[in-house]
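These notes are about the structure you will find just below.
Only a predicted model underlies this, so the values are computations on that prediction, with no experimental measurement involved. Residue numbers count from 1 along this sequence.
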Amino acid sequence: MIVFLKKVRVKTLFSLFDPVKVEPLELCYLEAVLDSMGIECHIADDLFGLKEPKEIKPDVIVLTGYNVAEEEIILEAGACKAKYPGTIVIVGGVHAQLNASAFHHKNIDYVIHSQCLSVFKQVIGHISDSKNKLIEAGVDYFIDQAGSTDGIWKVGGKHYIKAADSIKADRRLFRMISPKTSYLEKKQVALIKGSIGCPYGCEYCYCRCVNGGIYIKSDYDKMVEEMADIEAEYFWIVDDVLFAMREDALAFIEAVSKIDLKVKIIGYLRADFIIKEADLLPRLKKAGLAEVIVGFESVNNEELEDYHKSTDALRYPEAISLLKENSIDLTALFMVHPDYSLRDFIDLRDFIRKHDIDVYTISVFTPIKGTSSYEKVKKDLITQDLKKYDFLHLVLKPRLPVPLFYILFYWTHLRLLKSKRIWKYISRHNS
(Lines give C-alpha, C1' and ligand atoms only; values in the text may rest on other atoms or scores of the structure.)
Protein backbone atom coordinates (compact mmCIF):
# COMPACT_ATOMS: atom_id res chain seq x y z
CA MET A 1 0.00 0.00 0.00
CA ILE A 2 1.14 3.56 -0.77
CA VAL A 3 -0.33 6.58 1.04
CA PHE A 4 -0.06 10.27 0.16
CA LEU A 5 -0.44 12.71 3.07
CA LYS A 6 -1.35 16.22 1.91
CA LYS A 7 -1.85 19.53 3.71
CA VAL A 8 -4.36 21.66 1.78
CA ARG A 9 -3.70 25.36 2.27
CA VAL A 10 -5.51 28.54 1.29
CA LYS A 11 -3.45 31.67 0.72
CA THR A 12 -4.19 34.80 2.76
CA LEU A 13 -2.68 38.28 2.84
CA PHE A 14 0.03 37.01 5.19
CA SER A 15 0.96 34.29 2.68
CA LEU A 16 2.77 37.04 0.77
CA PHE A 17 5.27 37.26 3.64
CA ASP A 18 5.06 33.83 5.30
CA PRO A 19 6.14 35.16 8.71
CA VAL A 20 5.59 31.68 10.14
CA LYS A 21 6.72 28.55 8.28
CA VAL A 22 6.57 25.30 10.20
CA GLU A 23 6.28 21.60 9.49
CA PRO A 24 2.81 20.05 8.98
CA LEU A 25 3.02 18.32 12.36
CA GLU A 26 -0.26 16.41 12.07
CA LEU A 27 1.01 14.70 8.92
CA CYS A 28 4.28 13.82 10.64
CA TYR A 29 2.27 11.97 13.31
CA LEU A 30 0.36 10.07 10.61
CA GLU A 31 3.65 9.26 8.93
CA ALA A 32 4.88 7.71 12.18
CA VAL A 33 1.74 5.55 12.36
CA LEU A 34 2.18 4.37 8.77
CA ASP A 35 5.86 3.64 9.40
CA SER A 36 4.89 1.44 12.34
CA MET A 37 2.60 -0.49 9.96
CA GLY A 38 5.30 -0.86 7.30
CA ILE A 39 3.36 1.28 4.83
CA GLU A 40 5.08 3.56 2.32
CA CYS A 41 3.95 7.17 2.51
CA HIS A 42 4.82 10.59 1.06
CA ILE A 43 4.03 14.06 2.47
CA ALA A 44 2.90 16.88 0.16
CA ASP A 45 2.81 20.51 1.34
CA ASP A 46 2.92 23.48 -1.04
CA LEU A 47 4.29 25.73 1.73
CA PHE A 48 7.62 23.93 1.35
CA GLY A 49 7.27 23.00 -2.31
CA LEU A 50 6.66 19.35 -1.47
CA LYS A 51 4.75 17.67 -4.30
CA GLU A 52 3.29 14.20 -4.71
CA PRO A 53 5.70 11.84 -6.53
CA LYS A 54 4.62 11.84 -10.19
CA GLU A 55 5.75 8.30 -10.89
CA ILE A 56 3.72 6.71 -8.07
CA LYS A 57 0.00 5.92 -7.90
CA PRO A 58 -1.30 6.03 -4.33
CA ASP A 59 -3.79 3.60 -2.88
CA VAL A 60 -4.89 6.13 -0.25
CA ILE A 61 -4.74 9.93 -0.08
CA VAL A 62 -5.18 11.69 3.27
CA LEU A 63 -6.17 15.37 3.17
CA THR A 64 -6.07 17.81 6.07
CA GLY A 65 -6.50 21.56 6.35
CA TYR A 66 -7.82 24.43 8.44
CA ASN A 67 -11.36 25.83 8.45
CA VAL A 68 -10.69 28.15 5.50
CA ALA A 69 -9.66 25.18 3.38
CA GLU A 70 -12.94 23.25 3.68
CA GLU A 71 -14.04 23.87 0.09
CA GLU A 72 -10.51 23.43 -1.24
CA ILE A 73 -10.27 20.02 0.46
CA ILE A 74 -13.47 18.89 -1.25
CA LEU A 75 -12.16 20.16 -4.61
CA GLU A 76 -8.83 18.45 -4.00
CA ALA A 77 -10.65 15.20 -3.23
CA GLY A 78 -12.38 15.41 -6.61
CA ALA A 79 -9.09 16.11 -8.36
CA CYS A 80 -7.51 13.11 -6.65
CA LYS A 81 -10.32 10.81 -7.73
CA ALA A 82 -9.99 12.03 -11.32
CA LYS A 83 -6.20 11.72 -11.37
CA TYR A 84 -6.00 8.40 -9.52
CA PRO A 85 -9.14 6.34 -10.27
CA GLY A 86 -9.89 3.85 -7.52
CA THR A 87 -7.88 5.70 -4.88
CA ILE A 88 -9.39 5.93 -1.40
CA VAL A 89 -9.65 9.52 -0.05
CA ILE A 90 -9.59 10.19 3.70
CA VAL A 91 -10.20 13.62 5.27
CA GLY A 92 -9.08 14.43 8.79
CA GLY A 93 -7.60 17.22 10.88
CA VAL A 94 -8.76 19.75 13.43
CA HIS A 95 -11.55 21.25 11.32
CA ALA A 96 -13.02 17.84 10.51
CA GLN A 97 -13.20 16.94 14.19
CA LEU A 98 -16.19 19.23 14.78
CA ASN A 99 -17.42 19.49 11.19
CA ALA A 100 -17.26 15.95 9.83
CA SER A 101 -20.59 16.23 7.97
CA ALA A 102 -19.19 19.06 5.84
CA PHE A 103 -17.03 16.43 4.13
CA HIS A 104 -19.80 13.93 3.42
CA HIS A 105 -19.14 14.16 -0.28
CA LYS A 106 -19.15 11.62 -3.10
CA ASN A 107 -15.40 12.04 -3.70
CA ILE A 108 -14.51 11.34 -0.05
CA ASP A 109 -14.55 7.84 1.41
CA TYR A 110 -13.71 8.37 5.10
CA VAL A 111 -13.85 11.33 7.47
CA ILE A 112 -11.87 10.83 10.67
CA HIS A 113 -13.17 13.08 13.45
CA SER A 114 -11.10 11.84 16.38
CA GLN A 115 -7.63 13.01 17.40
CA CYS A 116 -6.76 9.49 18.46
CA LEU A 117 -4.08 8.03 16.21
CA SER A 118 -5.39 4.52 16.82
CA VAL A 119 -8.54 5.47 14.89
CA PHE A 120 -6.43 6.41 11.87
CA LYS A 121 -4.44 3.20 12.27
CA GLN A 122 -7.49 0.96 12.32
CA VAL A 123 -9.02 2.74 9.29
CA ILE A 124 -5.82 2.14 7.31
CA GLY A 125 -5.75 -1.44 8.56
CA HIS A 126 -9.32 -1.97 7.37
CA ILE A 127 -8.55 -0.48 3.94
CA SER A 128 -5.47 -2.69 3.53
CA ASP A 129 -7.38 -5.81 4.57
CA SER A 130 -11.17 -5.83 4.81
CA LYS A 131 -10.92 -8.73 7.26
CA ASN A 132 -9.76 -6.15 9.80
CA LYS A 133 -13.05 -5.00 11.32
CA LEU A 134 -13.70 -1.27 11.20
CA ILE A 135 -14.56 0.06 14.65
CA GLU A 136 -17.16 2.71 13.88
CA ALA A 137 -16.14 5.27 16.50
CA GLY A 138 -14.33 8.43 15.49
CA VAL A 139 -14.91 7.89 11.77
CA ASP A 140 -17.67 8.38 9.20
CA TYR A 141 -17.53 6.45 5.94
CA PHE A 142 -19.29 6.33 2.60
CA ILE A 143 -21.26 3.26 1.57
CA ASP A 144 -21.70 2.92 -2.18
CA GLN A 145 -25.12 1.46 -2.94
CA ALA A 146 -25.80 -0.40 -6.17
CA GLY A 147 -28.11 1.56 -8.44
CA SER A 148 -27.64 4.78 -6.48
CA THR A 149 -25.47 7.73 -7.51
CA ASP A 150 -25.33 9.10 -3.99
CA GLY A 151 -24.91 6.17 -1.63
CA ILE A 152 -25.18 6.78 2.11
CA TRP A 153 -22.88 7.93 4.88
CA LYS A 154 -22.42 5.78 7.95
CA VAL A 155 -21.84 8.14 10.87
CA GLY A 156 -19.59 6.80 13.61
CA GLY A 157 -19.92 7.72 17.25
CA LYS A 158 -17.65 10.13 19.06
CA HIS A 159 -14.23 8.90 20.09
CA TYR A 160 -12.37 10.97 22.65
CA ILE A 161 -8.84 10.61 23.93
CA LYS A 162 -8.62 9.86 27.64
CA ALA A 163 -4.82 9.60 27.83
CA ALA A 164 -1.95 10.98 25.75
CA ASP A 165 -0.73 8.82 22.86
CA SER A 166 2.78 7.37 23.08
CA ILE A 167 3.50 7.82 19.35
CA LYS A 168 6.04 10.51 18.50
CA ALA A 169 5.90 12.49 15.27
CA ASP A 170 8.29 11.35 12.55
CA ARG A 171 10.98 14.02 12.15
CA ARG A 172 12.49 13.04 8.81
CA LEU A 173 10.58 15.83 7.09
CA PHE A 174 11.76 18.39 9.64
CA ARG A 175 15.37 17.42 9.10
CA MET A 176 14.86 18.02 5.40
CA ILE A 177 13.08 21.39 5.65
CA SER A 178 14.64 22.66 8.90
CA PRO A 179 16.51 25.59 7.27
CA LYS A 180 13.24 26.83 5.76
CA THR A 181 11.27 26.85 9.02
CA SER A 182 10.81 30.07 10.96
CA TYR A 183 8.83 32.06 13.49
CA LEU A 184 9.48 35.63 12.33
CA GLU A 185 13.23 36.18 12.78
CA LYS A 186 13.70 32.93 14.67
CA LYS A 187 14.98 30.13 12.42
CA GLN A 188 14.95 26.32 12.52
CA VAL A 189 11.72 26.02 14.48
CA ALA A 190 10.39 22.56 15.32
CA LEU A 191 6.83 22.06 16.55
CA ILE A 192 6.10 20.12 19.73
CA LYS A 193 2.66 19.00 20.89
CA GLY A 194 2.17 17.84 24.46
CA SER A 195 -1.34 18.54 25.75
CA ILE A 196 -4.76 18.03 24.20
CA GLY A 197 -7.51 20.63 24.46
CA CYS A 198 -7.58 23.61 26.80
CA PRO A 199 -8.57 23.88 30.47
CA TYR A 200 -10.09 27.35 30.07
CA GLY A 201 -13.55 28.38 28.86
CA CYS A 202 -13.10 31.22 26.37
CA GLU A 203 -16.34 31.16 24.41
CA TYR A 204 -14.85 31.98 21.00
CA CYS A 205 -12.16 29.30 21.20
CA TYR A 206 -12.33 26.27 18.91
CA CYS A 207 -9.58 24.42 20.76
CA ARG A 208 -11.60 24.02 23.96
CA CYS A 209 -14.29 22.17 22.01
CA VAL A 210 -12.12 19.48 20.47
CA ASN A 211 -11.87 16.07 22.13
CA GLY A 212 -15.24 16.66 23.75
CA GLY A 213 -13.78 19.36 25.96
CA ILE A 214 -11.56 16.81 27.72
CA TYR A 215 -8.22 18.38 28.66
CA ILE A 216 -5.12 16.22 28.91
CA LYS A 217 -2.06 18.01 30.23
CA SER A 218 1.47 17.49 28.97
CA ASP A 219 3.94 14.96 30.28
CA TYR A 220 6.91 17.34 30.49
CA ASP A 221 9.47 14.58 30.92
CA LYS A 222 8.38 13.00 27.62
CA MET A 223 8.24 16.44 26.00
CA VAL A 224 11.82 17.23 26.97
CA GLU A 225 13.00 13.77 25.88
CA GLU A 226 11.40 14.37 22.47
CA MET A 227 13.11 17.75 22.12
CA ALA A 228 16.46 16.22 23.03
CA ASP A 229 16.20 13.98 19.94
CA ILE A 230 15.50 16.85 17.52
CA GLU A 231 18.16 19.16 16.13
CA ALA A 232 16.43 22.54 16.13
CA GLU A 233 17.33 26.03 17.24
CA TYR A 234 13.84 26.75 18.60
CA PHE A 235 10.98 24.57 19.78
CA TRP A 236 7.48 25.97 19.41
CA ILE A 237 5.26 24.15 21.88
CA VAL A 238 1.85 24.54 20.26
CA ASP A 239 -0.20 23.44 23.27
CA ASP A 240 -3.09 25.86 23.76
CA VAL A 241 -1.49 26.80 27.06
CA LEU A 242 2.05 25.81 28.01
CA PHE A 243 1.40 25.87 31.76
CA ALA A 244 -2.03 26.11 33.40
CA MET A 245 -0.75 25.84 36.98
CA ARG A 246 2.41 26.51 38.92
CA GLU A 247 3.08 22.80 39.28
CA ASP A 248 3.18 22.50 35.48
CA ALA A 249 5.93 25.10 35.20
CA LEU A 250 7.90 23.48 38.01
CA ALA A 251 7.57 20.08 36.31
CA PHE A 252 8.91 21.55 33.07
CA ILE A 253 11.86 23.22 34.83
CA GLU A 254 12.71 19.97 36.58
CA ALA A 255 12.43 17.95 33.35
CA VAL A 256 14.87 20.28 31.58
CA SER A 257 17.31 20.28 34.51
CA LYS A 258 17.34 16.47 34.72
CA ILE A 259 19.13 16.12 31.41
CA ASP A 260 20.70 19.57 31.33
CA LEU A 261 19.03 20.31 27.99
CA LYS A 262 19.82 23.63 26.31
CA VAL A 263 16.70 24.69 24.45
CA LYS A 264 14.93 27.82 23.24
CA ILE A 265 11.18 27.60 23.73
CA ILE A 266 8.24 29.45 22.18
CA GLY A 267 4.96 28.83 23.97
CA TYR A 268 1.52 30.16 24.90
CA LEU A 269 0.86 31.59 28.36
CA ARG A 270 -2.01 33.56 29.83
CA ALA A 271 -1.43 37.00 31.28
CA ASP A 272 -2.85 35.99 34.67
CA PHE A 273 -0.41 33.07 34.91
CA ILE A 274 2.54 35.36 34.13
CA ILE A 275 1.50 37.74 36.90
CA LYS A 276 0.59 35.12 39.50
CA GLU A 277 3.76 33.08 38.95
CA ALA A 278 6.10 36.02 38.30
CA ASP A 279 8.76 34.58 40.60
CA LEU A 280 9.15 31.59 38.24
CA LEU A 281 9.95 33.69 35.17
CA PRO A 282 13.74 33.86 35.80
CA ARG A 283 13.82 30.08 36.22
CA LEU A 284 11.71 29.54 33.11
CA LYS A 285 14.02 31.86 31.18
CA LYS A 286 16.98 29.80 32.34
CA ALA A 287 15.14 26.61 31.36
CA GLY A 288 14.81 27.94 27.83
CA LEU A 289 11.65 30.05 27.60
CA ALA A 290 12.58 32.51 24.85
CA GLU A 291 9.21 33.79 23.64
CA VAL A 292 5.70 33.88 25.03
CA ILE A 293 2.55 34.24 22.94
CA VAL A 294 -0.18 35.88 25.02
CA GLY A 295 -3.83 36.12 24.00
CA PHE A 296 -4.77 39.50 25.44
CA GLU A 297 -7.70 39.69 22.98
CA SER A 298 -9.04 43.03 24.24
CA VAL A 299 -7.99 45.97 26.43
CA ASN A 300 -11.59 46.34 27.61
CA ASN A 301 -12.77 44.24 30.57
CA GLU A 302 -16.40 44.33 29.51
CA GLU A 303 -15.45 42.76 26.21
CA LEU A 304 -13.31 40.15 27.97
CA GLU A 305 -16.29 39.21 30.13
CA ASP A 306 -18.39 38.68 27.01
CA TYR A 307 -15.69 36.33 25.74
CA HIS A 308 -15.57 34.49 29.12
CA LYS A 309 -11.85 35.21 29.07
CA SER A 310 -11.52 35.55 32.87
CA THR A 311 -8.50 37.87 32.71
CA ASP A 312 -8.16 41.48 33.83
CA ALA A 313 -7.09 43.97 31.16
CA LEU A 314 -6.07 46.45 33.86
CA ARG A 315 -3.23 44.09 34.78
CA TYR A 316 -2.01 43.46 31.26
CA PRO A 317 0.70 46.14 31.57
CA GLU A 318 2.12 44.22 34.53
CA ALA A 319 2.42 41.02 32.46
CA ILE A 320 4.11 42.92 29.64
CA SER A 321 6.61 44.53 32.03
CA LEU A 322 7.43 41.21 33.69
CA LEU A 323 8.32 39.62 30.36
CA LYS A 324 10.52 42.57 29.42
CA GLU A 325 12.28 42.47 32.81
CA ASN A 326 13.13 38.83 32.20
CA SER A 327 14.20 39.34 28.56
CA ILE A 328 11.46 37.06 27.27
CA ASP A 329 10.11 38.03 23.84
CA LEU A 330 6.38 38.67 23.52
CA THR A 331 3.93 38.15 20.70
CA ALA A 332 0.69 39.80 21.80
CA LEU A 333 -2.59 38.60 20.30
CA PHE A 334 -5.51 41.02 20.00
CA MET A 335 -8.96 40.66 18.49
CA VAL A 336 -11.21 43.43 17.19
CA HIS A 337 -14.97 42.93 17.24
CA PRO A 338 -17.27 43.97 14.38
CA ASP A 339 -19.09 46.10 16.95
CA TYR A 340 -16.00 48.28 17.47
CA SER A 341 -16.34 52.05 17.39
CA LEU A 342 -13.65 54.54 16.38
CA ARG A 343 -12.86 54.93 20.10
CA ASP A 344 -12.24 51.19 20.48
CA PHE A 345 -9.69 51.18 17.67
CA ILE A 346 -7.95 54.24 19.12
CA ASP A 347 -7.80 52.65 22.59
CA LEU A 348 -6.21 49.51 21.17
CA ARG A 349 -3.67 51.51 19.14
CA ASP A 350 -2.82 53.63 22.18
CA PHE A 351 -2.38 50.56 24.41
CA ILE A 352 0.06 48.98 21.96
CA ARG A 353 2.00 52.23 21.62
CA LYS A 354 2.01 53.08 25.33
CA HIS A 355 3.38 49.69 26.34
CA ASP A 356 5.82 49.51 23.44
CA ILE A 357 4.66 46.12 22.17
CA ASP A 358 7.11 45.21 19.42
CA VAL A 359 5.32 42.21 17.89
CA TYR A 360 1.58 41.69 17.87
CA THR A 361 -1.21 40.31 15.72
CA ILE A 362 -4.73 41.65 15.41
CA SER A 363 -7.52 39.43 14.17
CA VAL A 364 -11.15 40.12 13.39
CA PHE A 365 -13.57 38.28 15.69
CA THR A 366 -14.61 35.26 13.64
CA PRO A 367 -17.02 32.59 14.92
CA ILE A 368 -15.81 29.20 13.73
CA LYS A 369 -18.10 26.38 12.66
CA GLY A 370 -18.41 23.86 15.43
CA THR A 371 -18.34 26.34 18.32
CA SER A 372 -21.26 27.62 20.38
CA SER A 373 -20.39 31.19 19.40
CA TYR A 374 -20.92 30.25 15.74
CA GLU A 375 -24.37 28.85 16.47
CA LYS A 376 -25.31 31.98 18.41
CA VAL A 377 -24.60 34.33 15.51
CA LYS A 378 -25.25 31.98 12.59
CA LYS A 379 -28.33 33.90 11.49
CA ASP A 380 -26.38 37.16 11.44
CA LEU A 381 -23.48 36.02 9.25
CA ILE A 382 -23.00 38.18 6.17
CA THR A 383 -21.00 35.64 4.17
CA GLN A 384 -20.75 31.89 3.76
CA ASP A 385 -17.46 32.14 1.86
CA LEU A 386 -15.23 30.01 4.08
CA LYS A 387 -12.07 31.61 2.70
CA LYS A 388 -13.14 34.79 4.50
CA TYR A 389 -13.15 33.02 7.86
CA ASP A 390 -9.40 33.68 8.09
CA PHE A 391 -9.63 36.24 10.94
CA LEU A 392 -8.81 39.01 8.47
CA HIS A 393 -12.30 39.55 7.04
CA LEU A 394 -15.63 40.64 8.43
CA VAL A 395 -18.19 37.84 8.58
CA LEU A 396 -20.61 39.83 10.76
CA LYS A 397 -22.03 43.25 10.01
CA PRO A 398 -19.86 45.96 11.64
CA ARG A 399 -21.08 49.01 13.53
CA LEU A 400 -18.87 51.26 11.39
CA PRO A 401 -19.10 51.47 7.59
CA VAL A 402 -17.22 48.50 6.13
CA PRO A 403 -14.50 50.58 4.37
CA LEU A 404 -13.84 52.56 7.58
CA PHE A 405 -13.63 49.38 9.66
CA TYR A 406 -10.94 47.95 7.38
CA ILE A 407 -9.03 51.24 7.27
CA LEU A 408 -8.93 51.31 11.07
CA PHE A 409 -8.11 47.60 11.25
CA TYR A 410 -5.01 48.01 9.10
CA TRP A 411 -4.21 51.36 10.72
CA THR A 412 -3.71 49.55 14.03
CA HIS A 413 -1.04 47.43 12.30
CA LEU A 414 1.11 50.39 11.24
CA ARG A 415 3.21 50.35 14.39
CA LEU A 416 4.63 47.01 13.22
CA LEU A 417 6.66 49.04 10.72
CA LYS A 418 8.74 50.17 13.70
CA SER A 419 9.31 46.66 15.02
CA LYS A 420 12.99 45.70 15.17
CA ARG A 421 12.09 42.04 15.04
CA ILE A 422 9.89 42.52 11.98
CA TRP A 423 12.69 44.33 10.15
CA LYS A 424 15.15 41.66 11.20
CA TYR A 425 12.79 39.08 9.72
CA ILE A 426 12.40 41.08 6.50
CA SER A 427 16.14 41.46 6.08
CA ARG A 428 16.65 37.69 6.54
CA HIS A 429 13.67 36.86 4.31
CA ASN A 430 15.08 38.92 1.44
CA SER A 431 18.71 37.80 1.83
Side-chain angles (χ1 to χ4, degrees), residues 10-16 19 66-71 94-95 98-99 102 198 200-209 240 270-271 293-314 316 331-355 357 359-416:
V10 171
K11 291 187 179 297
T12 68
L13 177 63
F14 290 113
S15 300
L16 298 172
Y66 300 125
N67 61 306
V68 292
E70 181 180 300
E71 293 176 356
V94 174
H95 183 57
L98 299 185
N99 298 280
C198 182
Y200 297 99
C202 304
E203 187 176 52
Y204 57 83
C205 183
Y206 187 95
C207 299
R208 75 183 180 93
C209 301
D240 299 297
R270 283 170 55 103
I293 305 169
V294 181
F296 292 118
E297 317 311 349
S298 172
V299 297
N300 181 298
N301 271 339
E302 186 175 334
E303 189 177 351
L304 291 175
E305 288 178 11
D306 288 341
Y307 292 149
H308 299 169
K309 180 69 178 178
S310 70
T311 53
D312 183 358
L314 296 177
Y316 283 172
T331 295
L333 310 183
F334 297 101
M335 183 164 58
V336 297
H337 198 277
D339 198 40
Y340 264 26
S341 65
L342 174 60
R343 181 74 258 168
D344 292 320
F345 279 103
I346 292 173
D347 287 346
L348 176 56
R349 191 281 310 263
D350 288 348
F351 181 89
I352 293 169
R353 177 183 53 79
K354 180 179 179 181
H355 300 291
I357 300 177
V359 174
Y360 58 90
T361 70
I362 303 174
S363 61
V364 178
F365 173 78
T366 304
I368 301 299
K369 282 172 59 176
T371 64
S372 58
S373 60
Y374 180 88
E375 294 301 320
K376 284 182 180 180
V377 301
K378 190 174 182 179
K379 66 181 185 303
D380 299 319
L381 295 171
I382 60 175
T383 179
Q384 296 296 326
D385 184 355
L386 293 173
K387 292 180 181 178
K388 292 187 176 179
Y389 285 70
D390 59 357
F391 306 96
L392 297 175
H393 289 84
L394 285 163
V395 299
L396 294 167
K397 185 178 180 180
R399 174 193 296 188
L400 297 170
V402 171
L404 180 57
F405 181 95
Y406 281 121
I407 288 171
L408 292 170
F409 175 64
Y410 287 107
W411 171 70
T412 55
H413 288 79
L414 289 179
R415 186 174 172 80
L416 288 172

So salt bridge (Lys or Arg N to Asp or Glu O under 4.0 Å) across residues 298-313, not counting sequence neighbours, yields Glu297-Lys309
Identify, with sequence neighbours excluded, every residue that meets side chain to side chain donor-acceptor pair (under 3.5 Å) alongside His393. Asp390
Which residues pass the side chain to side chain donor-acceptor pair (under 3.5 Å) test with Thr412, not counting sequence neighbours? none
For Tyr66, enumerate each residue passing the side chain to side chain donor-acceptor pair (under 3.5 Å) test, keeping only those at least two apart in sequence or located in another chain. Lys7
Ile407: which residues meet the side-chain contact (heavy atoms from CB on, under 4.5 Å) condition with it, sequence neighbours left out? none
Decide yes or no for Phe345 and Leu348: does some side-chain heavy atom of the first lie under 4.5 Å from some side-chain heavy atom of the second? no
Side-chain (Asn67) to main-chain (Leu386) donor-acceptor, under 3.5 angstrom: no
Minimum side-chain heavy-atom gap Leu400-Tyr340 below 4.5 Å: no
Checking side-chain contact (heavy atoms from CB on, under 4.5 Å) against Ile362, which of Phe334, Tyr410, Phe391 comes through? Phe334
Under the side-chain contact (heavy atoms from CB on, under 4.5 Å) test, which residues partner His355, sequence neighbours left out? Pro317, Ile320, Phe351, Ile357
Tyr316: what forms a side chain to side chain donor-acceptor pair (under 3.5 Å) with it, not counting sequence neighbours? Thr311
For Pro403, which residues count as a side-chain contact (heavy atoms from CB on, under 4.5 Å) partner, sequence neighbours excluded? Pro401
Look only at the side chain of Thr366 and the backbone of Val364, and say whether a donor-acceptor pair between them is shorter than 3.5 Å. yes
Who pairs with Leu396 by side-chain contact (heavy atoms from CB on, under 4.5 Å), at least two apart in sequence or on another chain? Pro338, Phe365, Pro367, Val377, Asp380, Leu381
Those residues at least two apart in sequence (or on a different chain) that pass salt bridge (charged side-chain N to carboxylate O under 4.0 Å, His left out) with Lys387 are Glu72
Can you sort out the partners of Arg270 under salt bridge (charged side-chain N to carboxylate O under 4.0 Å, His left out), two or more places apart, ordered by chain and number? Asp272
Any donor and acceptor pair, going by atom type alone, linking the side chain of Tyr200 with main-chain N or O of Ser310 inside 3.5 Å? no
Would you mind listing every side-chain hydrogen bond (donor to acceptor under 3.5 Å, both in side chains) that reaches into residues 394-407, with sequence neighbours excluded? Asp339-Arg399
Kindly say whether the aromatic ring centers of Phe296 and Tyr360 come within a distance under 6.0 Å. no
Evaluation steps, side chain to side chain contact (heavy atoms under 4.5 Å, CB included), between Leu392 and Phe409: CA-CA 9 Å; Leu392 297 175; Phe409 175 64; 4.2 Å; yes
